[in-house]
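Residue numbers begin at 1 in each chain, while the letters A, B, ... track the order of the sequences. Atoms considered below: every heavy atom in the structure, side chains included; atoms not considered: hydrogens, waters and symmetry mates.
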2 protein chains.
Amino acid sequence: MNIGDVAARTGLPTKTIRYYEDIGLITPLRGENGYRRFREADMHKLGFVGRARALGFSIEECRDLLALYEDEDRASADVRQIAMGHLDEIERKIAALSDMRDTLKGLVHACAGDHRPNCPILKELSDGA
Amino acid sequence: MNIGDVAARTGLPTKTIRYYEDIGLITPLRGENGYRRFREADMHKLGFVGRARALGFSIEECRDLLALYEDEDRASADVRQIAMGHLDEIERKIAALSDMRDTLKGLVHACAGDHRPNCPILKELSDGA
DNA sequence: CCTTGACCTTCCAGTGACTGGAAGGCCTAG
DNA sequence: CTAGGCCTTCCAGTCACTGGAAGGTCAAGG
């Protein structure tokens, strides 16, 4: 299979697939014409990485997860630890964003949003009161 | 005032302050020795940008907000629109992260996390079921 | 046989918002 | 006169791609 077919099947852009080869996540074969030749296993790995990325795992976490996936003697505890670390990270991001949202909501609510210059949003940014 | 004092007072790293000059957010004066010389107005702007960044506004949004702040004839509606656009962005990010969190939580919960290799997290990433 | 257009290749540069580090000038205290 | 703590510029790296240029390959149609 050529890269275009793999892109269509996995939903990943060809650029991204080449990038994943660059950084050693996958190692497709090469045809005589220099084209990448993907096996089912390569496709499968790309799907795996795509789903892990969609859950917000970093590339390095994806690499670790892939390694665990391919290790028949893995301990599920190792997988779980990566997932829990990532879950913590996500919770922290959500908390930070929620704080921003609450503050912003208050400011937007307090702002008349008309033709006049008076604006509590700018006042807050200016004073930090 | 030298950059170190400004950094201490605003809480921004010196590197960041120099970067903000690079991209034209501030324009401190220069002493005969080549050192940056910051006026109160520069400090004030840096505080403004620091607070806007803490609320998650992008640098370009900060630039626009600063311009509005310095425009006595601004309409508060323009400020409000920037803030509301950013608020939307934040809500979308929170929603995306919440989805990830929910999925991950379910998977982490389903995983025994012991010495055995069987792992629903890997299974999900592998199958996308 | 030739051309067209859709593929594929590599390589380089840019994104956002910094951050780290090297190499070197300036300034004050002892 | 030296030590150290400032300051300067410039270059490179981060993360995970993304865009684009220049060029090779392949299948179909004339």
**Prompt:** Reckon B/Arg63 has a side-chain N or O less than 4.0 Å from the OP1 or OP2 of C/dG16?
**Reply:** no
**Prompt:** With a non-hydrogen cut-off below 4.0 angstrom, is B/Arg18 in contact with a base, only sugar-phosphate, or nothing?
**Reply:** base
**Complete:** note: A/Tyr19, atom OH; C/dT10, atom P; distance rounded to Å ~ 16 Å
**Item:** Rounded interatomic separation in angstrom, taking CD1 from B/Ile23 and C1' from C/dA17
**Value:** 8 Å
**Request:** Could you tell me the separation between the CG atom of A/Leu104 and the CD atom of A/Glu124, rounded to the nearest 0.5 Å?
**Result:** 9.5 Å
**Item:** Residue mapping more 5' on DNA chain D - nearest nucleotide basis, A/Glu60 or B/Asn33
**Value:** B/Asn33
**Message:** So that I can tick it off, tell me whether B/Asp78 and B/Arg74 are bridged by a salt bridge, with the cut-off set at under 4.0 angstrom between side-chain N and carboxylate O.
**Reply:** no
**Prompt:** Which part of the nucleic acid, if any, lies within contact of A/Phe57, taking any heavy atom under 4.0 Å across all strands shown: a base, the sugar-phosphate backbone alone, or nothing?
**Reply:** nothing
**Geometric class of the A/Phe48/A/Tyr69 ring pair [parallel <30°, tilted 30-60°, perpendicular >60°]** = tilted
**Asked** Is any side-chain N or O of B/Tyr35 under 3.5 Å from a base N or O of C/dG25, one able to act as donor and the other as acceptor?
**Response** yes
**Message:** If you compare every side-chain N and O of A/Ser58 against the phosphate oxygens of D/dC15 (OP1, OP2), does one of them come in below 4.0 Å?
**Reply:** no
**Complete:** When B/Lys15 and B/Ile3 are each assigned the nearest nucleotide of DNA chain D, the 5'-most assignment goes to B/Ile3
**Asked** CD1 of A/Ile59 versus C1' of D/dT18: gap in Å, rounded?
**Response** 14 Å
**Request:** Look at all strands and tell whether A/Arg30 reaches a base, only sugar-phosphate, or nothing, counting heavy atoms closer than 4.0 Å.
**Result:** sugar-phosphate
**Asked** Rounded to whole angstrom units, what separation is found between the CD atom of B/Glu21 and the C1' atom of C/dC18?
**Response** 16 Å
**Message:** Tell me the interatomic distance from B/Leu25, atom CG, to C/dC18, atom C1', rounded to whole angstroms.
**Reply:** 13 Å
**Item:** Spacing between B/Asp22 atom CG and D/dC10 atom C1', to the nearest angstrom
**Value:** 10 Å
**Of A/Asp5 and B/Arg53, the one whose closest DNA chain C nucleotide lies more 5'** = A/Asp5
**Prompt:** Taking atom CD1 of A/Ile3 and atom CG of A/Leu12, what is their separation to the nearest 0.5 Å?
**Reply:** 10.0 Å
**Request:** Check the pair A/Leu125 / B/Leu55 against side chain to side chain contact (heavy atoms under 4.5 Å, CB included), numbers first and verdict last.
**Result:** CA-CA 9 Å; A/Leu125 291 175; B/Leu55 285 177; 4.1 Å; yes
**Prompt:** What integer distance in Å separates A/Arg37:CZ from D/dC26:C1'?
**Reply:** 16 Å
**Asked** Below 4.0 angstrom from OP1 or OP2 of C/dT9, is there any side-chain N or O of A/Arg36?
**Response** yes
**Message:** In this structure, how many angstroms lie between the C1' atom of D/dT8 and the CD atom of B/Glu32, rounded?
**Reply:** 16 Å
